[in-house]
Amino acid sequence: MIKFIAKSAFVAAFLFSIPTYSSAIQTNNSKEINAAVIKTGADNYEKYLPLLKDKKVGIVTNQTGILSNKTHVVDFLLEKKIAIQTIFAPEHGFRGTADAGEHIVDGKDPKTGLSIISLYGDNKKPKPAQLSGIDVMIFDLQDVGARFYTYISSLHYVMEACAENNVPLIVFDRPNPNGSIVDGPLLEKEFTSFVGMHPIPLLHGMTIGEYAQMVNGEKWLKDGAQCKLTIIPCLDYKRTMPYSLLVKPSPNLPNDQSINLYASLCLFEGTNVSVGRGTETQFQIYGSPYLSKTNFTFTPKPNFGAKDPLYNGKECFGEDLTSYPKLKQLELKWLIKAYQNTSDKTKFFNAFFTKLAGTKKLQQQIETGISETEIRKSWKKDLETFKKMRVKYLIYK
């Protein structure tokens, strides 16, 4: 069952704010910022506050769960006397400070005193006991539109747990900063993992609310279950609008450029090439000690979000993409170039690459020297089928 809450007028009247964390995003271009025009689902509070009145509430969120004035949604709900019982946190934790893949322990939020349950590691799916006493669940996370960004995997497990335990789920929608791009190979079922849960392309071109509707509508949850789903939509949003996030969605996506390049460069995480973890330009550069020497070099060192980065303390040769024009598709040329220039091609790919790609074909195509044009042609039929299926779940033009 899906319930869609329609658009209404937005009234801004907030008097309190969340403390400043190190998650503030660096915007590359002031023209990218649409926060003054677009209102997220969290800002559309007139539609969801009545649904939460006199309810015991659980919430899945992190540092991205903020309103347009940077008030955290948890603080806002508590101020409005909403009875939050538990905070559930995805990869990187509630405040978004943990490394990718780092084990997160349960605990308490020092500001509110609320219990925090990690939905990463061994407990990706809320247990029945963890949902006991919760009347309704909220999901408010900022996605970036890439299949392997794990917030949509957490969404899957939360939806599944809500369906199994008869807990309604309300998704506060947020713009997709890569919202108009649908591109890349579709995930093949045999390569399903936490970095790829469903048969979608690497860039799916949907908001997280639209994606939730697809998961429900296509019956991708266990045993074809469907949860009672309500989407609180963004206001005054079109997917072609540029959108800058107010905070980093995760520690190694510091700005608009990194978010735009993320899907293309993240494939390097399945190779022996660094994507700049341990620098200040994560997902805006790439390189390794095993690539041909270039004028551009960098040396990764431990920093926020990368306690032990790949090639820690070693000089890497590669390419600087910090000023590269905004991408409108998944770009493979850097991956192909790096493979061709690496000193030992047998050590270039690792087992994680297939999980990220969602198929064995992409690695095989690159190894056999197939051109990017031909590789892209091999996706065409699947992408056309996906786009037709996607239409019925779209909320925005």
Side-chain angles (χ1 to χ4, degrees), residues 22-29 91-92 96-103 144 146 148-150 195 202 248-327 330-357 362-363 365-367 369 372:
S22 55
S23 57
I25 199 162
Q26 310 156 17
T27 54
N28 288 354
N29 185 341
E91 183 178 8
H92 307 296
T97 57
D99 285 7
E102 182 177 346
H103 178 67
V144 298
F148 35 55
Y149 203 62
T150 61
V195 292
L202 284 183
K248 296 177 185 179
S250 50
N252 288 290
L253 290 181
N255 54 29
D256 300 325
Q257 186 75 346
S258 64
I259 291 168
N260 182 238
L261 290 167
Y262 171 71
S264 299
L265 295 190
C266 191
L267 288 168
F268 277 124
E269 302 270 65
T271 73
N272 65 358
V273 175
S274 166
V275 290
R277 293 183 189 269
T279 74
E280 297 303 314
T281 49
Q282 308 97 316
F283 288 99
Q284 300 155 82
I285 60 177
Y286 73 88
S288 91
Y290 308 110
L291 293 181
S292 302
K293 289 190 176 183
T294 58
N295 292 329
F296 176 71
T297 67
F298 61 93
T299 303
K301 296 179 181 179
N303 70 354
F304 176 79
K307 295 181 177 64
D308 185 21
L310 180 65
Y311 302 131
N312 187 359
K314 296 182 179 180
E315 186 178 30
C316 296
F317 304 95
E319 195 167 354
D320 181 0
L321 304 175
T322 55
S323 298
Y324 198 85
K326 188 172 183 178
L327 298 183
L330 182 73
E331 200 61 77
L332 293 179
K333 61 185 175 186
W334 302 305
L335 181 68
I336 294 170
K337 180 180 178 181
Y339 175 75
Q340 291 173 343
N341 292 337
T342 195
S343 58
D344 186 349
K345 292 179 175 52
T346 64
K347 296 180 180 178
F348 185 80
F349 290 105
N350 60 51
F352 193 45
F353 185 84
T354 298
K355 285 187 176 182
L356 291 171
L362 183 57
Q363 179 177 338
Q365 289 168 325
I366 293 171
E367 289 175 334
E372 179 172 1

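The structure presented is a predicted model; accordingly, all values stated were derived computationally and were not measured. When reading the values below, keep in mind they use all heavy atoms of this one structure, side chains included, and skip hydrogens, waters and symmetry mates.
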Looking only at heavy atoms, the pair that brings A146 and A263 closest together is CB-CB, 4.3 Å
Tell me if a side-chain donor or acceptor on N260 pairs with a main-chain N or O of L327 at a distance below 3.5 Å. yes
On a heavy-atom basis, the closest approach of P249 and V144 is CG-CG1, 4.0 Å
Shortest non-hydrogen pair, F317 vs L291, comes out as O-CD1, 3.4 Å
Residues passing the side chain to side chain contact (heavy atoms under 4.5 Å, CB included) test with N295, sequence neighbours excluded, are none
Next on the checklist: Taking N272's backbone N and O only, do any of them form a donor-acceptor pair with Y311's side chain (distance below 3.5 Å, no angle check)?
Outcome noted: yes
* Asked: Taking it one step at a time, do Y324 and Q284 satisfy side chain to side chain contact (heavy atoms under 4.5 Å, CB included)?
  -> CA-CA 9 Å; Y324 198 85; Q284 300 155 82; over 6 Å; no
Separation between CG (L267) and CD (E331), nearest 0.5 Å, reads 11.5 Å
| said: Strictly distance-based, threshold 3.5 Å: is any side-chain N or O of N252 a donor or acceptor partner for the main-chain N or O of Q282? | reply: no
query = Can you find a pair of side-chain heavy atoms, one from V275 and one from L261, that are under 4.5 Å apart?
reply = no
Query raised in the report: Do W334 and V273 have side-chain heavy atoms sitting under 4.5 Å apart?
Result: no
| Side chains of Y286 and L321: does their closest heavy-atom pair fall under 4.5 Å? | yes
Practice item. Measure the shortest side-chain to side-chain distance between F283 and C266 over non-hydrogen atoms and say whether it is less than 4.5 angstrom. Key: yes
Closest heavy-atom pair, N303 versus T279, reported as atoms and distance to 0.1 Å, is ND2-O, 2.9 Å
query = Any donor and acceptor pair, going by atom type alone, linking the side chain of T294 with main-chain N or O of G318 inside 3.5 Å?
reply = yes
Check: Would E315 and T299 satisfy side chain to side chain contact (heavy atoms under 4.5 Å, CB included), going step by step from the backbone distance to the final call?
Finding: CA-CA 5 Å; E315 186 178 30; T299 303; 4.2 Å; yes
* **F296 backbone acceptor or donor facing E319 side chain under 3.5 Å** => no
Contact check, side chains of C316 and P300, non-hydrogen atoms, under 4.5 Å:
yes
Sub-4.5 Å side-chain heavy-atom contact between L362 and L332: yes
OG1 (T297) and CG (D320) are apart, to the nearest 0.5 Å, by 10.5 Å
Taking every heavy atom of L265 against every heavy atom of I285, the minimum-distance pair comes out as CD1-O, 4.1 Å
I'd like to know if E269 and R277 make a salt bridge, using a cut-off of under 4.0 Å between side-chain N and carboxylate O. yes
Side chain to side chain contact (heavy atoms under 4.5 Å, CB included) between V195 and F352, worked out
CA-CA 10 Å; V195 292; F352 193 45; 4.0 Å; yes
Check: Does any non-hydrogen side-chain atom of L310 lie less than 4.5 Å from one of F268?
Finding: no
dist T342:OG1 -> K347:NZ (nearest 0.5 Å) comes out at 10.0 Å
CD (Q363) and CZ (F349) are apart, to the nearest 0.5 Å, by 5.0 Å
Is it true that F148 and Y262 have ring centroids separated by less than 6.0 Å? yes
| Mind checking whether E367 and Y339 have side chains closer than 4.5 Å, heavy atoms only? | yes
### Task
Report the C-alpha separation of L335 and F348 in whole Å, then their side-chain angles, then the decisive distance to 0.1 Å, and conclude whether the side chain to side chain contact (heavy atoms under 4.5 Å, CB included) test is met.
CA-CA 10 Å; L335 181 68; F348 185 80; 4.1 Å; yes
Heavy-atom nearest pair, K301 first then N312, reads CA-OD1, 3.7 Å
